[in-house]
Amino acid sequence: MDTVNPLLVSSASGLKMDVNGGEMSKNPTLICAPIMADSIDKMVTLMAKAKASTADLVEIRLDSLKNFNPFEDLNVLIKQCPLPTLFTYRPVWEGGQYGGDEKKRLDVLRLAMELGADYIDVELKVAHEFIKSIGGKKPEKFQVIVSSHNYQSTPSVEELGNLVVKIQSTGADIVKIATTAIDITDVARIFQITVHSQVPIIGLVMGERGLISRILCTKFGGYLTFGTLEAGVVSAPGQPTINDLLNLYNFRQLGPDTKVYGIIGKPVGHSKSPVLYNEAFKSAGFNGVFVHLLVDDLEMFLRTYSSTDFAGFSCTIPHKETAVKCCDEVDPVAKSIGAVNCIIRRQSDGKLFGYNTDYIGAISAIEDGLQARYNMSSAAGSPLAGKLFVVIGAGGAGKALAYGAKQKGARVVIANRTYGTMHLFFLL
């Protein structure tokens, strides 16, 4: 599999003020709010919300409209929009909703340009013809995004590179590639393409496994990312909200030198770890970001994202026991437990070190609870000593609790659940 070297990121990132006069941004990557509605009035309302959210521009999805009078409606949308406009009129054959005449569709995009749009998005399949048709008529600050969407997979680095060249050859001002993540390691190939691109490029990977492409594009030189105004109301699978980009991931302050951390698991989207760690990073002024990492194959993930900029990971189900085998060195306690929940990458040589903090956190919390409940002094020793301690479940966390309780002098029984039954199988 391909590996990623974030240290090769182009140095296009200087500080910038966001379009709404907000705090200085550490990167030039824009946040675009997709505007999808069935009426012009609803779109105008959503544009105002996008402005309030501090998005940098809006993508107006014309194919979502039920009734559309091109000249009149485009005038309204462009004149009333408080942000720069990107017009997309996506046909069914490229994953959109427009199923009408192709000539009429392209005429609408040309009209949007003439009426003052800042960007239009046109599909690679028709880009040569479209860009040729606007030769000599293109406004100075107007830009054409030529896009390619792959809803099945993410091609190889070589194929992606060839695709970029093909898109560039159309005369595109900005290259856009959207692929689909079958595995989280697919995103690495998009990172490799964007980080080495000599032209403005949007590289995004759709789906939950591709989420990091939408956050870390700031680190790898992406031109823009898409953030939704509401959770679940997306124009493509896997889009985060603008609120999460700004307030959870601290998007404006991420850059080429940002260290990446994350919670590895399957499932993982429910984890609150990014909320905890990103707030801690922000409070401490630490240049890092903590993300959800939906990982199917732990060994392949760690091998692919081998740069020291991917600096450490929390590890949850079902990977804690596998993590023991994937680390170069494992702390003796974690080795005794047989599970790792914390992986640190040493910056000097990239080696992985595995630790287990589950037993400390869980046992300490149980002890504190018992001491408070029974008004016991910590000087009297552990309240677990001599007690029967039953652990339900024999995964990585269960093993850690059993180990910790045993160290405190408890008599430990582990009960493991299989389908439809409960088996006592281990007695310490």
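Aromatic ring orientation, Tyr305 versus Phe191: perpendicular (interplanar angle above 60°, classes split at 30° and 60°). Note on ring orientation: taking the six-membered ring where Trp is involved, the planes of His149 and Tyr151 are parallel (angle under 30°, cut-offs 30° and 60°). Note: Phe353 and Tyr355 have parallel aromatic rings, judged against thresholds of 30 and 60 degrees for the angle between ring planes. Classified by interplanar angle (parallel below 30°, tilted 30° to 60°, perpendicular above 60°), the ring pair Tyr261/Phe286 is tilted.
Counted by atom type alone, Thr228 and Gln239 present zero donor-acceptor pairs between their side chains at under 3.5 Å. Between the side chains of Thr185 and Asp183, at least one donor-acceptor pair of N or O atoms lies under 3.5 Å.
Using a 4.5 Å heavy-atom cutoff, the side chains of Val260 and Asp309 are not in contact. Side-chain contact check for Leu211 versus Pro240: some heavy-atom pair is nearer than 4.5 Å.
Between Arg105 and Glu123 a salt bridge is recorded (basic side-chain N to carboxylate O distance below 4.0 Å). Between Lys266 and Asp296, at least one side-chain N (NZ, or NE/NH1/NH2) sits under 4.0 Å from a carboxylate O, which counts as a salt bridge.
No donor-acceptor pair closer than 3.5 Å links the side chain of Thr180 to the backbone N or O of Met206. A donor-acceptor contact shorter than 3.5 Å links the side chain of His292 to the backbone of Ser271. Between the side chain of Asp56 and the backbone N or O of Ile31, at least one donor-acceptor pair lies under 3.5 Å. Although no hydrogens or angles enter the test, the distance criterion places no donor-acceptor pair under 3.5 Å between the side chain of Thr194 and the main chain of Gly221. Without hydrogens or angle criteria, Ser53 side chain to Ala50 main chain gives a donor-acceptor distance under 3.5 Å. Remark: the backbone N or O of Val291 is not paired with any side-chain donor or acceptor of Tyr249 at under 3.5 angstrom. Side chain of Ser153 to main chain of Asn150: no donor-acceptor pair is present (N/O by atom type, distance under 3.5 Å, no hydrogens or angles). Between the side chain of Lys406 and the backbone N or O of Val412 there is no donor-acceptor pair closer than 3.5 Å. Judged purely by atom type and a 3.5 angstrom limit, Arg189 uses its side chain to pair as donor or acceptor with the backbone of Thr154. The closest donor-acceptor contact from the side chain of Ser197 to the backbone of Ile193 lies at 3.5 Å or more, if one exists at all.
For Phe389, there are no ring pair (Phe, Tyr, Trp, His ring centres under 6.0 Å) partners at least two apart in sequence or on another chain.
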Salt bridge (charged side-chain N to carboxylate O under 4.0 Å, His left out) between Lys125 and Glu94, worked out: CA-CA 9 Å; Lys125 183 177 176 180; Glu94 189 80 353; over 6 Å; no
Before giving the answer on salt bridge (charged side-chain N to carboxylate O under 4.0 Å, His left out), spell out for Asp257 and Lys26 the whole-Å C-alpha distance, their side-chain angles and the decisive distance to 0.1 Å. CA-CA 10 Å; Asp257 53 348; Lys26 192 176 178 180; 3.3 Å; yes
Run Lys320 and Asp358 through salt bridge (charged side-chain N to carboxylate O under 4.0 Å, His left out) and show every step you take. CA-CA 11 Å; Lys320 291 184 179 185; Asp358 279 335; 2.6 Å; yes
